[in-house]
Each structure stands twice: as C-alpha cells, then as structure tokens.
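Every heavy atom of this structure was used, including side-chain atoms; hydrogens, water molecules and symmetry mates were not. The chains referred to below are lettered A, B, ... by the order of the sequence lines, with proteins before strands, and numbering in each begins at 1.
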Protein chains: 2
Amino acid sequence: MKEKKIKKNDERCALQEILGVIGGKWSMSIIYALFPGTKRFSELERLIPGINTRMLVKELKNMEANGIVVRNVYATVPPTVEYTLTAKGAQLEPIINDLYKWGLEYIS
Amino acid sequence: MKEKKIKKNDERCALQEILGVIGGKWSMSIIYALFPGTKRFSELERLIPGINTRMLVKELKNMEANGIVVRNVYATVPPTVEYTLTAKGAQLEPIINDLYKWGLEYIS
DNA sequence: CTGTATCCTCATCGATACTG
DNA sequence: CAGTATCGATGAGGATACAG
C-alpha cells in the first residue's frame with residue numbers, strides 16, 4: 001500500500017474523535033441495547049430493527065477496538081457470542097440518556 | 001402524543017434522528033464554539049480549524065432548520081451575520097461537555 | 001464579509017449470497 | 001448462530017472559484 005494521506009486523523013479535535021467511536025449510524029443504538037446487560041449477537045440483531053448483519057458486525061468490531069464493548073465467545077454448537085459494555089462504555093449511559101431526553105423534548 | 005408507552009423501536013429511531021441534527025462532522029464543534037455566546041460567521045470559521053466555508057454554511061443551515069441556532073443579519077457594509085444558540089441548542093452544553101470529558105478520559 | 005456554485009473523491013451504508 | 005465476501009448506490013465532505 002502506498003502511503004496515503006489519512007485525512008480522518010489529520011484533525012485532532014476530540015469531539016470528532018468521539019464521533020468516530022460513537023457517531024456511527026447504529027453505534028448509539030447498539031450501546032443503548034447493551035445498557036440492560038449482556039446480549040448475544042442475534043439478540044442485538046433482533047433488538048435493533050433495520051440493522052443488518054454487516055453493519056452490526058462492523059460497529060461491534062469498531063466498538064471492541066475502542067474498548068467500549070467486550071466480546072465473549074463460547075465454544076458451543078451452534079456458536080454463542082456475547083457482547084457486554086465495558087466500564088468505559090457503561091459510562092456513556094447517562095450521557096446517551098440525556099441526549100435521548102433532549103431529543104424527545106425537541107425533535108419528536 | 002398520548003401514547004406514553006414508548007416502544008424500544010421508537011427510542012432507537014430517535015437516537016438516529018438526533019444524529020441527523022448533531023451528528024454531522026462539524027456540528028458539535030460549531031455548537032461548542034457557540035457556547036460562550038454569539039459569534040459571527042468569520043469568527044466561527046476561524047475558531048474551528050479545518051472547516052471550510054461550504055461545510056460551515058451547510059451545518060449552520062441544518063442547525064437553523066432544526067432550531068438549534070438563530071441567524072441574525074445586520075445590513076451593514078460589509079455584511080454582518082451572527083449566530084446564536086437557541087435555548088434548545090444551549091441545553092446541549094452539559095451533554096456535550098460530558099461527552100467531551102468522556103472522550104478526554106478514554107480516548108486520549 | 002458571507003455566502004453560492006461546481007466538481008470530485010471516498011467512506012458509509014444496504015442488499016444479497018455464502019460459510020464454519 | 002455468527003459471522004464473511006462482494007457489489008453497488010448514495011451522499012457527506014473537501015477544494016476551488018466566484019458573487020452580492
């Protein structure tokens with residue numbers, strides 16, 4: 001791969017980095033779904049209407065890479081994979097709830 | 001309006017609507033810049049490194065349409081245009097600050 | 001000073017099919 | 001069940017020139 005200029009990391013604005021972590025179209029919905037506790041992959045898929053497999057996988061991977069969720073695999077047949085919020089991810093709960101309340105009051 | 005019971009489904013949609021309002025790449029930076037008070041167009045452009053005219057105009061228009069900022073034009077020469085957060089926009093301050101603090105703690 | 005008007009690139013997202 | 005692999009569409013975002 002040629003050295004290509006990475007535009008995304010050019011700017012170091014913290015707010016924009018945060019958006020890279022939780023600004024994805026489905027990120028907040030997934031985090032929201034995980035607030036009550038651990039969920040299996042299929043549960044998340046069912047709990048979040050409109051999302052598709054590819055996006056769920058993609059967002060979960062991104063969040064795992066950013067330390068927001070942990071992924072646990074159990075060697076069962078058929079396979080079982082569970083996702084849980086880390087402490088870092090759980091601390092988003094009040095923030096996302098506030099954001100949600102703000103939206104309810106002003107957007108709906 | 002009277003349906004107090006909110007289905008999980010609707011909650012998730014709301015989160016995505018919120019992203020449509022403040023999830024733009026520069027939205028939060030602009031709102032953040034407006035917390036201290038009214039700013040002129042050129043001030044915003046200067047305060048937000050990396051943004052370009054087109055995006056600043058675009059986001060400001062979007063925010064104005066969503067009732068987050070108000071736009072005031074003064075018929076001076078050269079023209080003066082000021083942007084101010086509405087009450088709706090100002091209520092985002094604690095939320096964005098919390099988000100920012102979260103990012104500082106975990107992303108940096 | 002405060003925007004428009006173009007043109008363009010690239011990431012994001014969706015749909016579908018397939019696999020261990 | 002929990003993902004991969006591909007392809008295509010869309011549009012967000014950037015660069016630049018120009019206008020009122």
Check your understanding: Would you find a donor on one side and an acceptor on the other, under 3.5 Å apart, between the side chain of A/W102 and the backbone of B/G89?
Key -> no
Point to revise | Distance in angstrom units between B/M55 CE and D/dT16 P, rounded | key: 16 Å
Exercise for review: Could you check if a side-chain atom of A/L60 sits within less than 4.5 angstrom of a side-chain atom of A/L44, using non-hydrogen atoms only?
Suggested key: yes
Review point. Can you tell me how far the CG atom of B/L47 sits from the CG atom of B/L56, to the nearest 0.5 Å?
Key: 10.5 Å
**Study point:** Interatomic distance, B/K39 NZ vs C/dT2 P [rounded to whole Å]
**Key:** 14 Å
Review point. A/K25 NZ to D/dA9 C1': how many Å, rounded?
Key: 13 Å
Revision key, fill the gap. note: A/E59, atom CD; D/dA2, atom P; distance rounded to Å ~ 18 Å
Practice item. Remember a base hit wins even if backbone is also touched, and classify A/T76 as base, sugar-phosphate or nothing at under 4.0 Å, heavy atoms. Key: nothing
Exercise for review: Mind calculating the distance between NZ (B/K58) and P (C/dT6) to the nearest angstrom?
Suggested key: 16 Å
Check your understanding: A/I30 has an atom CD1; how far is it from atom P of D/dA2, in whole Å?
Key -> 14 Å
**Study point:** Of B/G23 and A/S42, the one whose closest DNA chain D nucleotide lies more 5'
**Key:** A/S42
Point to revise | Length of the line joining B/N52:CG and C/dC7:P, which is rounded to integer Å | key: 17 Å
Review point. If only side-chain N and O atoms of B/R40 are considered, is one of them under 4.0 Å from the OP1 or OP2 phosphate oxygen of C/dC1?
Key: no
Point to revise | Sugar-phosphate, base or nothing in reach of B/Y83, heavy atoms under 4.0 Å | key: sugar-phosphate
Review point. Base, sugar-phosphate, or nothing for A/R71, non-hydrogen atoms under 4.0 angstrom?
Key: sugar-phosphate
Check your understanding: Of B/V81 and A/G50, whose closest DNA chain C nucleotide lies nearer the 5' terminus?
Key -> B/V81
Point to revise | Student check: side-chain heavy atoms of A/T80 and A/V73 closer than 4.5 Å | key: no
Exercise for review: May I ask you to evaluate whether B/K61 reaches the phosphate of C/dT4, defined as a side-chain N or O under 4.0 Å from OP1 or OP2?
Suggested key: yes
Review point. With no angle test and no hydrogens, is the base of D/dG13 tied to the side chain of B/R54 by a donor-acceptor pair under 3.5 Å?
Key: yes
Review point. Could you give the CG-to-C1' distance, from B/L60 to C/dG3, as a whole number of Å?
Key: 11 Å
Exercise for review: Please report the shortest heavy-atom distance between B/V21 and B/S27, naming the atom on each side.
Suggested key: O-OG, 3.9 Å
